[in-house]
Amino acid sequence: MPTAVDIFIPCFVDQLFPQTAMNMVKVLEAVGCEVHYNSNQTCCGQPAYNAGYKAESREVACKFLDDFPNEPGRYIVSPSASCVGMVRNSYAELFDGSPEQSQYHGTQRRIYELTEFLVDVLGVQSVPQARLNGTYTYHDSCSALRECGIKEGPRRLLDAVPGLQRLEMVENETCCGFGGTFAVKFQAISVAMAEQKVEHALATGANYIVSTDTSCLMHLDAYIRREKKPIKTMHIADVLASGW
């Protein structure tokens with residue numbers, strides 16, 4: 001029987017990187033999942049929460065809980081560790097002592113970032129159809145590493161892709177400098193952090209910077225394009241959906 005999956009597509013993925021969302025669906029279906037998409041879904045509430053608007057964030061978070069009602073045997077999967085981290089961790093503050101607390105706890109237990117769902121829940125070691133020739137260096141996003149504890153799973157899946165070789169950069173766990181509104185409020189610092197991350201990636205000689213979060217990759221790609229650097233960014237869902 002197929003594993004039932006409700007997908008959550010973050011705002012910026014929906015608006016700027018829809019192909020990444022489609023590739024996630026492609027990969028999930030390839031490993032035997034039955035994918036469901038609730039078109040009423042919107043945002044997890046993270047932008048408002050990070051900006052200090054807790055009441056407004058809670059309103060959006062309540063809608064998220066309604067959009068993904070707890071049903072036995074169903075998982076929520078997203079191509080963004082940042083949003084998953086928001087639901088798992090920050091919702092605890094928003095719903096502490098509230099009538100929605102038990103509903104939140106149920107949601108917290110069944111939401112996963114794509115790679116941790118593939119590796120930790122389904123036990124997937126590779127996506128056999130994937131093919132990509134080249135070299136990659138991996139960026140550990142802050143949300144994936146620090147909020148979700150994701151580190152080895154993405155590398156394991158990427159290392160199993162025929163034609164692809166990993167070249168680790170130094171300080172791969174250092175922030176890229178995006179941080180949502182941080183990039184707006186502290187532009188100079190944010191750009192300097194992106195420059196450092198890209199230079200570390202370039203020093204490996206890799207063709208691609210790969211990560212679990214399009215927000216990080218969007219930030220790095222903007223710097224790469226502006227400075228005309230010889231490296232590309234790819235979300236891991238796009239890598240795993242390559243070649244087939």
Side-chain angles (χ1 to χ4, degrees), residues 12-13 16-28 30-31 77-82 84 112-120 122 124-146 148-178 193-244:
F12 53 89
V13 176
L16 301 173
F17 305 99
Q19 192 57 45
T20 296
M22 296 302 296
N23 282 334
M24 181 180 74
V25 172
K26 181 179 177 180
V27 170
L28 288 171
V31 297
V77 179
S78 178
S80 168
S82 177
V84 170
Y112 292 88
E113 180 273 331
L114 171 63
T115 64
E116 66 172 347
F117 179 70
L118 292 174
V119 175
D120 298 339
L122 298 183
V124 172
Q125 299 299 312
S126 67
V127 178
Q129 302 93 326
R131 297 285 187 281
L132 182 64
N133 292 322
T135 53
Y136 82 95
T137 191
Y138 185 78
H139 164 59
D140 290 285
S141 79
C142 297
S143 297
L145 183 66
R146 295 170 177 82
C148 300
I150 299 168
K151 185 173 179 65
E152 296 304 325
R155 289 172 168 84
R156 194 179 308 164
L157 292 169
L158 291 166
D159 289 349
V161 175
L164 195 60
Q165 178 187 358
R166 173 164 35 121
L167 301 171
E168 289 282 9
M169 65 176 131
V170 299
E171 299 184 19
N172 52 22
E173 297 181 0
T174 301
C175 179
C176 70
F178 178 61
M193 293 172 73
E195 178 183 11
Q196 180 186 57
K197 176 65 67 170
V198 171
E199 290 302 325
H200 286 331
L202 286 168
T204 68
N207 305 122
Y208 306 101
I209 302 174
V210 181
S211 186
T212 55
D213 284 77
T214 52
S215 51
C216 297
L217 296 171
M218 175 179 64
H219 181 59
L220 295 175
D221 187 57
Y223 177 82
I224 289 168
R225 288 173 180 270
R226 191 187 75 177
E227 300 299 324
K228 298 179 173 57
K229 297 294 185 178
I231 196 168
K232 297 179 180 180
T233 60
M234 286 189 76
H235 188 277
I236 191 167
D238 300 323
V239 176
L240 297 178
S242 294
W244 55 292

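Counting from 1, the numbers follow the sequence of the chain as shown. Both backbone and side-chain heavy atoms feed into the values below; hydrogens, waters and symmetry mates do not.
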From [X] [atom1] over to [Y] [atom2], what is the distance, rounded to the nearest 0.5 angstrom?
X	Y	atom1	atom2	result
L164	L157	CG	CG	11.5 Å
H139	C176	NE2	SG	4.5 Å
C175	R146	SG	CZ	7.5 Å
M218	T233	CE	OG1	10.5 Å
M234	D221	CE	CG	12.0 Å
L167	T137	CG	OG1	6.5 Å

Check side-chain contact (heavy atoms from CB on, under 4.5 Å) between A30 and all other residues, then give those that pass, not counting sequence neighbours.
Q129, W244
Residue list, side-chain contact (heavy atoms from CB on, under 4.5 Å) with T174, at least two apart or on another chain
E171, Q196, K197
Can you confirm whether [X] sits close enough to [Y] that some side-chain heavy atom of one is under 4.5 Å from a side-chain heavy atom of the other?
X	Y	value
P230	L202	yes
H235	V13	no
V161	L240	yes
L217	F17	no
Y112	V119	no
S143	E113	no
V239	L158	yes
R155	T115	no

Check the pair Y138, N172 against side-chain contact (heavy atoms from CB on, under 4.5 Å), reporting the backbone distance first and the verdict last.
CA-CA 7 Å; Y138 185 78; N172 52 22; over 6 Å; no
How would you list, by chain and number, every residue that makes a side chain to side chain donor-acceptor pair (under 3.5 Å) with [X], sequence neighbours excluded?
X	value
D238	T20, N23
E173	K151
K229	E199
R166	Y136, D159, E168

Which heavy-atom pair separates [X] from [Y] by the least distance, and what is that distance?
X	Y	result
I231	I209	CD1-CG1, 3.6 Å
N207	G134	OD1-CA, 3.2 Å
A206	T135	CA-OG1, 3.2 Å

Would you check if the side chain of D213 reaches a backbone N or O of A144 as a donor-acceptor pair within less than 3.5 Å?
no
Determine whether L118 and L28 satisfy the following criterion, side-chain contact (heavy atoms from CB on, under 4.5 Å), listing intermediate values before the conclusion.
CA-CA 8 Å; L118 292 174; L28 288 171; 4.3 Å; yes
